[in-house]
Amino acid sequence: MMYKSTRDASVSVSSAQAITTGISPDGGLFVPASLPSLTAEELAVLAGKSYVERADAVLSRFLTDFSAEEIHACTSSAYTSARFGSEAIAPLHELYEGVHILELWHGPTCAFKDMALQILPHLMRVSAGKTADGKEIVILVATSGDTGKAALEGFRDAEHTRILVFYPEEGVSPMQKLQMITQEGENVAVCAIRGNFDDAQNGVKEIFTDPAVAARLARQGMLFSSANSINWGRLVPQVVYYVSACCDLMKSGKLRPGERFNVVVPTGNFGNILAAYYAKRMGVPIGRLICASNRNRVLAEFMETGVYDRRREFYATVSPSMDILISSNLERLLFDLAGEDDQLVAELMEQLKAGGVYTVPPAVKQALQAEFSGGWCDDAQTAQTIRKTFDTYGYLCDTHTAVGVHVYEEYRAHTGDTTPTVIASTANPYKFSRSVTEALGGGTDGSDEFGRVEELHRLTGAPIPAPLAALRGKAPRFRQICERETMREAVYQLLHIEG
Ligand SMILES: *Cc1c(COP(=O)(O)O)cnc(C)c1O
């Protein structure tokens with residue numbers, strides 16, 4: 001299996017190269033040259049297997065330059081019950097008849113990013129061993145909150161690796177910020193930037209593709225890579241949990257042979273829902289893919305109109321990890337829907353960069369709408385959904401998951417579609433204690449983050465995750481703030497590279 005670039009289909013690299021370099025030099029993203037398949041019989045066999053075995057089966061089809069032993073070493077180190085709370089790793093919770101919540105936040109940082117970032121360092125180590133000939137890997141991350149912490153935790157003290165994380169100063173929850181600025185490890189650094197997530201992501205992308213920066217790092221024996229979902233090594237582990245959810249539904253008899261299920265994903269950078277699309281293309285019996293946005297509804301509108309327009313106000317919402325106007329991974333979907341037309345993708349991305357808007361051709365719009373539905377909700381609706389879901393089903397969800405639940409309920413009411421459904425749940429509610437507590441009618445005035453955690457516990461009885469409780473009283477290590485324009489200098493400084 002080789003990988004090509006969405007902006008130059010003649011590029012051909014191995015998965016190890018795609019994972020170590022992160023992004024193609026032409027600015028495009030790496031995609032598999034063809035999607036492997038999983039037959040109904042193979043899925044039935046996997047239904048009887050563990051999460052690690054399911055991951056082995058999926059990864060071995062994509063990472064064909066890895067040996068079976070290498071893949072199993074990665075999956076079995078990453079997906080342990082010690083780190084994810086149980087053997088299920090990504091358990092399904094039935095909300096009501098036919099509607100399931102796929103809980104992706106049982107990992108060490110309490111967000112779904114752990115599903116990929118617990119294994120990415122292992123994939124990176126094996127990949128670097130094959131391609132990086134002894135160079136030190138510098139992982140550069142832009143985060144809307146959850147990726148940063150999950151990447152820091154995954155890569156901390158990993159050999160021959162350093163990790164630098166940039167987050168929007170005002171754009172993350174207090175708990176997310178605490179998680180990052182107290183990070184332990186000798187090879188880590190964290191820096192706030194004045195700007196929003198899109199600024200951070202654009203800055204990181206520019207640094208990545210700047211030959212002058214690459215040359216300067218090369219002189220120090222260093223090589224950039226990415227732990228953002230632009231890296232193929234982030235996406236492939238996400239395909240696994242959709243396969244696994246399908247297996248669990250089959251195993252419990254909730255999905256009968258020949259039946260399909262819909263998938264709902266609270267979406268920001270389009271990585272998680274793209275993984276579901278890839279799972280479907282491989283043969284997992286997925287019906288509609290429902291893309292849920294918050295008030296930054298650029299994707300919901302795109303699904304409806306075929307026009308992607310980022311020229312709009314940016315809102316800081318109660319679901320900050322979805323406060324994104326430029327969804328990087330949409331580029332991969334466009335490439336696929338447009339029949340791998342690299343020139344078209346390159347043009348659309350150029351239009352987005354230059355003018356902030358593009359319109360896809362009618363055939364692409366048609367292909368998009370054949371697979372996807374979109375919806376969105378505002379903060380008040382998010383809060384109502386948290387309350388209603390708790391009052392009605394006794395189930396506590398976080399602000400991001402609530403966006404998914406709300407959009408699903410509207411979709412169902414509007415279409416009458418009662419196909420079995422899996423809603424991706426992307427974070428533990430305690431990461432967003434203030435918003436969740438307020439949604440339930442609890443008071444948060446005057447208390448600090450841990451006061452709010454206790455209030456939420458008092459209201460719901462939901463267990464407080466140990467890694468979050470352990471942050472109490474921990475001293476911050478990283479207080480640096482930089483401008484969007486000075487990110488390059490911050491990188492040099494954090495890496496101790498002199499002029
Ligand atoms: C990252 C994140 C999302 C968005 O996921 P994408 O793959 O970027 O679409 C949603 N919810 C939470 C809690 C997240 O951390």
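Atoms within a ligand are numbered from 1 in the order they appear, just like the ligands themselves. Values in this document were obtained by computation on a predicted structure and should not be read as measured data. Values reported hereafter were calculated over all heavy atoms of this structure, with side chains retained and with hydrogens, waters and symmetry mates removed. One-based numbering along the sequence shown.
- Residue Phe270 places at least one N or O, backbone or side chain, under 3.5 Å from an N or O of ligand 1.
- Protein heavy atom nearest atom 7 (O) of ligand 1, with residue, atom name and distance: Asn272 N, 2.8 Å.
- Counting heavy atoms of neighbouring residues, nucleotides and ligands inside a 6.0 Å radius, atom NZ of Lys205 exceeds 12 of them.
- Judged by distance alone, the side chains of Ser321 and Gln176 do bring a donor and an acceptor atom under 3.5 Å apart.
- Contacts between Phe112 and ligand 1 below 4.0 angstrom, taking non-hydrogen atoms only, involve the side chain exclusively.
- A salt bridge is absent between Arg83 and Asp114: the closest approach of a Lys/Arg side-chain nitrogen to an acidic carboxylate oxygen does not fall below 4.0 angstrom.
- Using the six-membered ring where Trp is involved, Phe270 and Phe372 have ring planes that are tilted, between 30° and 60° apart.
- Between Phe84 and Tyr79, the ring-plane angle classifies as tilted under the 30° and 60° cut-offs.
- Between His400 and ligand 1, not a single N/O pair is under 3.5 Å apart.
- Every atom of ligand 1 is numbered from 1 in the order shown, and the set under 4.0 Å from a heavy atom of Thr267 is 9 (O).
- The shortest N or O to N or O distance between Asn269 and ligand 1 is under 3.5 Å.
- Ligand 1 has Pro266 within reach: a non-hydrogen atom of the residue lies less than 4.0 Å from it.
- You'll find the side chain of His400 reaches within 4.5 Å of the side chain of Pro320, heavy atoms only.
- Contact annotation: for Lys113 versus ligand 1, heavy atoms closer than 4.0 Å belong to the side chain alone.
- Using cut-offs of 30° and 60° on the angle between ring planes, the pair His457 and Tyr430 is tilted.
- Polar contact with ligand 1: present for Thr426 (N/O pair, distance under 3.5 Å).
- Ring geometry, Tyr278 versus Trp232: the interplanar angle exceeds 60°, so the pair is classed perpendicular (tilted spans 30 to 60°).
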Practice item. Might you work through the side-chain contact (heavy atoms from CB on, under 4.5 Å) test for Val172 and Phe197, ending with a clear yes or no? Key: CA-CA 9 Å; Val172 301; Phe197 171 71; over 6 Å; no
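- In summary, the atoms of ligand 1 found under 4.0 Å from a heavy atom of Met322, numbered by their order in the structure, are 10 (C).
- Listed by number with element, the atoms of ligand 1 under 4.0 Å from a non-hydrogen atom of Gly271 are 6 (P), 7 (O), 9 (O).
- Near Ala427, meaning under 4.0 Å from one of its heavy atoms, ligand 1 places the atoms 13 (C).
- Of all protein heavy atoms, the one closest to atom 4 (C) of ligand 1 is Gly268 N, 3.5 Å.
- Each of the following atoms of ligand 1 lies closer than 4.0 Å to a heavy atom of Asp146: 12 (C), 13 (C), 14 (C), 15 (O).
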